2 protein chains.
Amino acid sequence: MTSDAVPAHAPLELENFLPYRLSILSNTVSQSIAEEYTGRFQLSMTEWRVMAVLARFADLSAREVAERTRMDKVAVSRALARLVEAGRVDRSIHDGDKRRSVLKLSEAGWAIHDEVAPLAREHERELLARLDVAEREQLNRILDKLMSP
Amino acid sequence: MTSDAVPAHAPLELENFLPYRLSILSNTVSQSIAEEYTGRFQLSMTEWRVMAVLARFADLSAREVAERTRMDKVAVSRALARLVEAGRVDRSIHDGDKRRSVLKLSEAGWAIHDEVAPLAREHERELLARLDVAEREQLNRILDKLMSP
DNA sequence: TGCAAATGGTTACAGGTGAAACTATAAATC
DNA sequence: GATTTATAGTTTCACCTGTAACCATTTGCA
């Protein structure tokens with residue numbers, strides 16, 4: 001008989017499983033922001049991330065953009081190709097190292113940035129509005145701990 | 001002169017921008033778990049999610065799996081096709097509705113589940129070990145608030 | 001009953017993605 | 001200074017993804 005040999009299995013409760021919860025939340029938030037700019041500016045999420053980094057740190061190389069965005073260097077290369085093609089990013093070659101590119105937002109890139117950045121900020125504001133001041137501090141501290149090396 | 005007409009621009013500080021931090025953390029965590037099973041079991045992340053849901057709730061339809069995993073119905077359809085093909089999920093047809101499928105893990109599916117689930121749990125345990133008890137409670141409460149409808 | 005609308009699921013298409021291979025340049029080593 | 005090794009960036013390949021169109025079945029309703 002097998003009646004006393006049935007294994008327990010112990011399935012995950014996805015709804016309480018932290019990695020799953022983080023994934024759902026992150027996707028929901030990122031997608032709702034992306035909806036605002038993908039249609040309006042023909043801008044993919046990876047492209048926007050590259051632009052946001054170049055807005056904050058000018059004259060980066062492609063590798064540095066990849067490090068800052070934590071994106072794959074191939075993804076960055078392709079996003080940059082589209083952004084340069086669209087005239088949103090200016091690419092030149094590094095003075096002392098002909099392998100490196102030197103990247104910065106163009107006028108047109110800044111114009112888009114200055115429209116998208118407030119939209120993104122507004123989404124963050126709405127999200128944080130669900131939390132009180134103490135919870136926001138807690139969240140920041142917790143994320144710091146979870147993301148530390 | 002333009003010296004008093006330079007616009008502020010106000011780029012996002014990605015490193016303090018909540019949606020971005022969530023995205024980085026979520027991707028890091030999910031990928032480190034996925035590394036454990038993609039190579040060993042030829043199992044994609046979407047397939048694992050489908051299996052985890054079917055482990056917890058048997059006899060779901062594909063649409064119900066999509067709802068529970070919050071995945072696109074097309075993604076679910078394709079993951080199921082692969083899982084059924086690999087003999088990891090049994091698919092039959094609903095009694096009173098010939099459109100619906102009725103899905104459950106097979107023996108082989110359960111065997112994989114019983115290896116992967118502990119790996120996933122161990123990763124969550126390691127992640128949560130960075131937090132004290134109070135912080136864990138705070139995180140759960142905060143995620144509930146952020147994810148509520 | 002008959003027919004339009006809704007639903008479950010799959011397929012086609014048009015991208016996007018990472019791993020690995022590749023090119024060009026620079027740095028290190030001898 | 002020549003040769004090996006490392007680095008920046010692109011291209012190729014094989015695969016994954018979402019949207020829209022599609023088929024089959026069921027439901028709603030006249």
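The sequence lines fix the lettering, A, B, ..., with proteins before strands; numbering per chain opens at 1. Treat the numbers as computed from the prediction; the structure is a model and nothing was measured. What you see below is based on every heavy atom in this structure, not just the backbone, and it leaves out hydrogens, waters and symmetry mates.
Non-hydrogen atoms lying under 4.0 Å from DNA chain D are contributed by A/Ser61, A/Ala62, A/Arg63, all within residues 49-63 of chain A.
Between A/Arg21 and B/Asp144 a salt bridge is recorded (basic side-chain N to carboxylate O distance below 4.0 Å). Salt bridge status for A/Arg40 with A/Glu36: absent, with no side-chain N to carboxylate O gap under 4.0 Å. The residues A/Arg82 and A/Glu85 are annotated as not salt-bridged, no charged nitrogen and carboxylate oxygen being separated by less than 4.0 angstrom. Remark: B/Asp59 engages B/Lys104 in a salt bridge, criterion side-chain N to carboxylate O under 4.0 Å.
One finds a side-chain N or O of B/Ser77 lying less than 4.0 angstrom from the OP1 or OP2 phosphate oxygen of C/dT10. In this structure, A/Arg91 reaches the D/dT10 phosphate: one of its side-chain N or O atoms is under 4.0 Å from OP1 or OP2.
Listed by first and then second residue, the salt bridge (charged side-chain N to carboxylate O under 4.0 Å, His left out) pairs that reach into residues 128-142 of chain A are A/Glu135-B/Arg141, A/Glu135-B/Lys145, A/Arg141-B/Glu135, sequence neighbours excluded.
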Checklist outcome for this item: B/S/- along nucleotides 19-27 of chain D (protein heavy atoms under 4.0 Å) is BB---BBS-
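The CG-P distance, from B/Leu80 to C/dG9, rounds to 9 Å in whole Å. At whole-Å resolution of the value, CZ in A/Arg100 and P in C/dA26 are 10 Å apart. For the pair A/Ile93 CD1 and C/dA24 P, the computed distance is 13 Å after rounding to whole Å. We find that CG of B/Asn27 is positioned 13 Å from C1' of C/dT17, with the value rounded to whole Å. Residue A/His94 contributes atom NE2, which lies 11 Å from atom P of C/dA26 at whole-angstrom precision. Here the C1' atom of nucleotide D/dT7 and the CD atom of A/Glu67 are 12 Å apart, to the nearest Å.
Listed by chain and residue number, nothing satisfies the ring pair (Phe, Tyr, Trp, His ring centres under 6.0 Å) test with A/His123 (two or more places apart in sequence, or in another chain). Residues satisfying the side chain to side chain contact (heavy atoms under 4.5 Å, CB included) criterion with A/Asn16, sequence neighbours excluded, are A/Glu13.
Note: B/His9 and A/His113 have perpendicular aromatic rings, judged against thresholds of 30 and 60 degrees for the angle between ring planes.
Judged by closest nucleotide on DNA chain C, B/Val76 is the one of A/Arg82 and B/Val76 placed further toward the 5' end.
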Pairs under 3.5 angstrom only: tabulate donor-acceptor contacts from the side chains of residues 22-29 of chain A to other protein residues two or more places apart or in another chain.
from: A/Ser23; atom 1: OG; to: B/Arg49; atom 2: NH2; distance (Å): 2.9
from: A/Asn27; atom 1: ND2; to: A/Ser23; atom 2: O; distance (Å): 3.4
from: A/Thr28; atom 1: OG1; to: A/Ile24; atom 2: O; distance (Å): 2.7

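Among the heavy atoms of the strands lying under 4.0 Å from A/Thr46 are primed sugar atoms or P, OP1, OP2 only; no base atom is included.
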